[in-house]
Amino acid sequence: MTVIACIDDLKRLHRKRAPKMFYDYAESGSYTEQTFRDNTTDFEKIRLRQKVAVDMSNRSVAGTMIGQPVAMPVALAPVGMTGMQSADGEIKAARAAEAFGVPFTLSTMSICSIEDVAAHTSKPFWFQLYVMRDEEFVDNIIARAKAAGCSALVLTLDLQILGQRHKDLKNGLTAPPRLTLPNIVNMTTKPAWCMGMLGTRRRSFGNIVGHAKGVGDLSSLTSWTNEQFDPQLDWGKIARLREKWGGKMILKGILDADDARRAADFGADAIIVSNHGGRQLDGALSSIRILPSIVAAVKGQTEIWLDSGIRSGQDILKALAMGADATMIGRSYIYGLGAMGQAGVTTALEILKKELDITMALCGERDVAALGRHNLLVPKDFEGDWA
Ligand SMILES: Cc1cc2nc3c(=O)[nH]c(=O)nc-3n(C[C@H](O)[C@H](O)[C@H](O)COP(=O)(O)O)c2cc1C
């Protein structure tokens with residue numbers, strides 16, 4: 001039996017079990033992938049301060065995110081085409097998150113629809129919105145998310161135009177995959193994935209199909225994004241969207257202190273310091289490196305969450321100790337899903353929680369809320385002297 005000890009073990013299994021085009025879709029960044037690489041290697045530069053002879057009984061990693069109790073300060077980030085990594089993937093991930101006690105965010109570009117995920121879960125989840133040119137579609141999807149009981153709207157601000165991922169171009173990424181010879185040959189080596197897909201009707205973009213008018217080639221994410229996403233999204237439009245939504249709003253993709261101030265002044269319930277997992281602006285700094293400047297700018301005015309690069313409980317601890325109020329994970333749970341479906345997402349969450357708990361104890365802390373810079377050893381030049 002394969003022993004799963006860490007997130008990297010899940011990643012290896014994901015690679016083995018999911019078709020190449022979907023594994024590559026997850027495991028890539030834009031252009032040279034510099035930012036994608038920095039997201040993880042910058043976490044490694046921060047070290048932890050060990051404390052001994054401290055009472056480490058009665059520990060807790062629980063907390064809240066926008067007032068919602070969470071088993072640990074980690075939410076599942078919105079990930080497009082999750083239902084292509086494993087059949088009905090969004091439903092599986094949402095169920096795993098619900099049972100574990102952490103929030104799940106459904107992407108606009110999901111395979112399972114909002115209604116479908118709501119029908120297969122019992123607690124509210126969050127909905128991530130990409131703003132489209134078609135206002136009627138946007139109004140409609142907001143109304144659908146409300147009707148499904150979604151408890152927060154996560155508005156993604158860093159993808160109005162798509163950063164190029166070379167592998168997706170080369171693989172001819174589509175959902176469902178086109179039945180070309182290389183795809184068929186590759187899929188024959190993934191029997192469990194094929195069986196899962198044959199057993200579900202959810203094989204295209206569930207939130208879009210049947211809801212958007214005049215859509216061109218929907219199977220191609222790239223061309224659809226280029227055609228449909230609204231390049232004119234600005235703060236005025238964000239304000240109008242908030243009026244339409246009328247509930248909690250989280251702004252995702254903030255990577256600059258001035259933008260963070262603007263978002264805090266706007267009254268965002270939370271901001272997500274994120275570079276979209278290195279998939280958009282290649283050459284941007286890693287989220288963890290940018291975090292201190294954003295903490296200095298808006299700490300206490302809005303909740304500050306961080307994603308991009310988290311692969312362990314140690315990374316979560318580092319983000320919290322650097323001043324984030326909570327974190328989000330993308331690939332760490334997608335590896336689990338691609339490896340072992342719903343059980344794999346649960347395993348990923350269990351691994352992260354255990355690592356966070358043990359690391360916290362060895363740092364001499366009993367509560368995640370008490371974590372701070374005193375737990376870290378940060379190189380003096382970590383943030384860099386950029387002009
Ligand atoms: C395969 C993949 C698809 C993604 N799709 C979306 C999406 O549809 N909407 C969105 O806001 N972010 C999307 N993201 C970005 C994630 O929400 C998150 O910011 C990122 O994965 C964090 O980095 P990490 O994967 O290193 O944890 C996607 C990320 C990945 C890896």
Got Phe125 and Ser151 here, is their nearest side-chain heavy-atom distance under 4.5 Å? no
Considering all heavy atoms of both residues, which atom of Gln314 and which atom of Thr359 are nearest to each other, and what is their separation? CG-OG1, 3.6 Å
Given the rule in the side-chain contact (heavy atoms from CB on, under 4.5 Å) test, do Cys150 and Ile114 qualify, once you have shown the distances and angles that lead to the verdict? CA-CA 9 Å; Cys150 293; Ile114 305 174; 4.2 Å; yes
Closest non-hydrogen contact found for Ser28 with Asp168 is OG-OD1, 4.4 Å
Please check: side-chain N/O of Asp282 versus main-chain N/O of Thr35, any donor-acceptor pairing under 3.5 Å? yes
To the nearest 0.5 Å, tell me how far Gln50 CD sits from Leu377 CG. 10.5 Å
Any chance you could measure Ile316, atom CD1, to Asp357, atom CG, to the nearest 0.5 Å? 11.5 Å
Would you say Arg47 has more than 12 foreign heavy atoms packed within less than 6.0 Å of its CZ? no
Just wondering, are more than 12 heavy atoms of other shown residues or ligands nearer than 6.0 Å to CG in Asp234? yes
Flag this pair as yes if the NZ/CZ of Arg289 is under 6.0 angstrom from the six-membered ring centre of Phe382 and inside a 45 degree cone about the axis; otherwise no. yes
Interatomic distance, CD1@Ile271 vs CG@Leu306, rounded to 0.5 Å, equals 10.0 Å
Between CG of Leu155 and CZ of Arg242, what distance do you get to the nearest 0.5 Å? 11.0 Å
What's the verdict on side-chain contact (heavy atoms from CB on, under 4.5 Å) for Leu349 and Lys353, showing C-alpha distance, side-chain angles and the deciding distance? CA-CA 6 Å; Leu349 291 168; Lys353 188 174 176 204; over 6 Å; no
Please check: side-chain N/O of Gln280 versus main-chain N/O of Asp158, any donor-acceptor pairing under 3.5 Å? yes
Is the side chain of Glu33 donor-acceptor paired with the backbone N or O of Gly29 at a distance under 3.5 Å, no angle test? yes
Any donor and acceptor pair, going by atom type alone, linking the side chain of Thr302 with main-chain N or O of Ala268 inside 3.5 Å? yes
Looking only at non-hydrogen atoms, find the nearest pair between Ile91 and Cys112 and report the distance. CG1-SG, 3.9 Å
Take the angle between the ring planes of His276 and Tyr130 and call it parallel below 30°, perpendicular above 60°, tilted in between. parallel
Take atom CZ in Arg144; do more than 12 heavy atoms of anything else shown fall under 6.0 Å from it? yes
Separation of Arg95 CZ from Ser122 OG (nearest 0.5 Å): 8.5 Å
Below 4.5 Å, heavy atoms only, C-beta onward: do Lys252 and Leu157 meet side chain to side chain? no
So, do Tyr23 and His14 have ring centers that fall under 6.0 Å from each other? yes
Determine, step by step, whether Leu76 and Val345 satisfy the side-chain contact (heavy atoms from CB on, under 4.5 Å) criterion, reporting the C-alpha distance in whole Å, the side-chain angles of both residues, the deciding distance to 0.1 Å, and the verdict. CA-CA 10 Å; Leu76 271 53; Val345 178; 4.1 Å; yes
Would the distance check show the side chain of Arg59 and the main-chain N or O of Val368 forming a donor-acceptor pair, the cut-off being under 3.5 Å? no
Going from CG on Asn375 to SG on Cys363, what distance comes out if it is rounded to the nearest 0.5 angstrom? 5.0 Å
Nearest heavy-atom approach of Asn183 to Pro177 is ND2-CB, 4.3 Å
Would you indicate whether the side-chain heavy atoms of Tyr333 and Val79 approach each other to under 4.5 Å? yes
Report yes if some heavy atom in the side chain of Phe100 is under 4.5 Å from a heavy atom in the side chain of Met72; otherwise report no. yes
Looking at Asp315, is its backbone amide N or carbonyl O close enough to the side chain of Ser312 to form a donor-acceptor pair, meaning the two atoms are under 3.5 Å apart? yes
Are any of the side-chain heavy atoms of Ile238 and Leu251 separated by less than 4.5 Å? yes
Flag the pair Arg366 and Asp55 as a salt bridge only when some basic side-chain nitrogen lies within less than 4.0 angstrom of an acidic carboxylate oxygen. yes
Carefully, step by step, assess Phe229 and Val131 under the rule side-chain contact (heavy atoms from CB on, under 4.5 Å). CA-CA 6 Å; Phe229 285 26; Val131 183; over 6 Å; no
Answer yes or no: is there a donor N or O on one side and an acceptor on the other, between the side chain of Asn207 and the main chain of Ser107, under 3.5 Å? yes
Start with the C-alpha distance between His120 and Glu98, add both sets of side-chain angles, then the distance that settles side chain to side chain donor-acceptor pair (under 3.5 Å), and finish with yes or no. CA-CA 11 Å; His120 290 87; Glu98 180 175 305; over 6 Å; no
Heavy-atom distance under 4.5 Å between the side chains of Met81 and Tyr25, does that happen here? yes
What is the minimum heavy-atom distance between Ala145 and Trp245, and which atoms define it? CB-CZ3, 3.9 Å
Is it the case that the side chain of Asn171 and the backbone of Leu173 share a donor-acceptor pair, with hydrogens and angles ignored and the cut-off at 3.5 Å? no
Would you please say whether a donor-acceptor pair under 3.5 Å links the side chains of Trp126 and Gln128? no
Going by an N to O cut-off under 4.0 Å, is there a salt bridge joining Arg262 and Asp265? no
Taking 4.0 angstrom as the limit, do Asp8 and Arg12 come out as a salt bridge? yes
Are Glu383 and Ser293 close enough that a side-chain donor and a side-chain acceptor fall under 3.5 Å? no
Check Arg165 with Glu27, please: is the shortest side-chain N to carboxylate O separation under 4.0 Å? no
Do other residues, nucleotides or ligands put more than 12 heavy atoms under 6.0 Å from Glu350 CD? yes
Is there a donor-acceptor pair closer than 3.5 Å between any side-chain N or O of Asp269 and the backbone N or O of Ile250? no
Consider only side-chain N and O atoms of Asn39 and Asn275, and report whether a donor and an acceptor are under 3.5 Å apart. yes
In the structure I gave you, are the side-chain heavy atoms of Met322 and Val295 within less than 4.5 Å of one another anywhere? no
Residues which pass salt bridge (Lys or Arg N to Asp or Glu O under 4.0 Å) with Lys237, listed by chain and number, not counting sequence neighbours: Asp230
Between Ser86 and Lys92, do the side chains contain a donor N or O and an acceptor N or O under 3.5 Å apart? yes
Correct closest heavy-atom pair for Glu90 and Phe104 would be O-CZ, 3.8 Å
Polar side chain donor-acceptor pair, His211 to Glu136, under 3.5 angstrom: no
Ion pair Lys45/Asp42, N-O distance below 4.0 Å: yes
Any donor-acceptor pair under 3.5 Å from Lys20 side chain to Asn186 backbone: no
Can you sort out the partners of Asp385 under salt bridge (Lys or Arg N to Asp or Glu O under 4.0 Å), two or more places apart, ordered by chain and number? none
Tell me whether the count of non-hydrogen atoms from other residues, nucleotides or ligands lying under 6.0 Å of CG in Leu169 goes above 12. yes
Can a salt bridge be assigned to the pair Asp325 and Lys299 using a cut-off of 4.0 Å between side-chain N and carboxylate O? yes
Test: salt bridge (charged side-chain N to carboxylate O under 4.0 Å, His left out). Region: residues 60-89. Which pairs qualify, not counting sequence neighbours? Asp88-Arg202
Do the charged groups of Asp139 and Lys244 touch, with an N to O distance under 4.0 Å? yes
If we only count heavy atoms from C-beta on, is the Met65 to Val74 side-chain gap below 4.5 Å? no
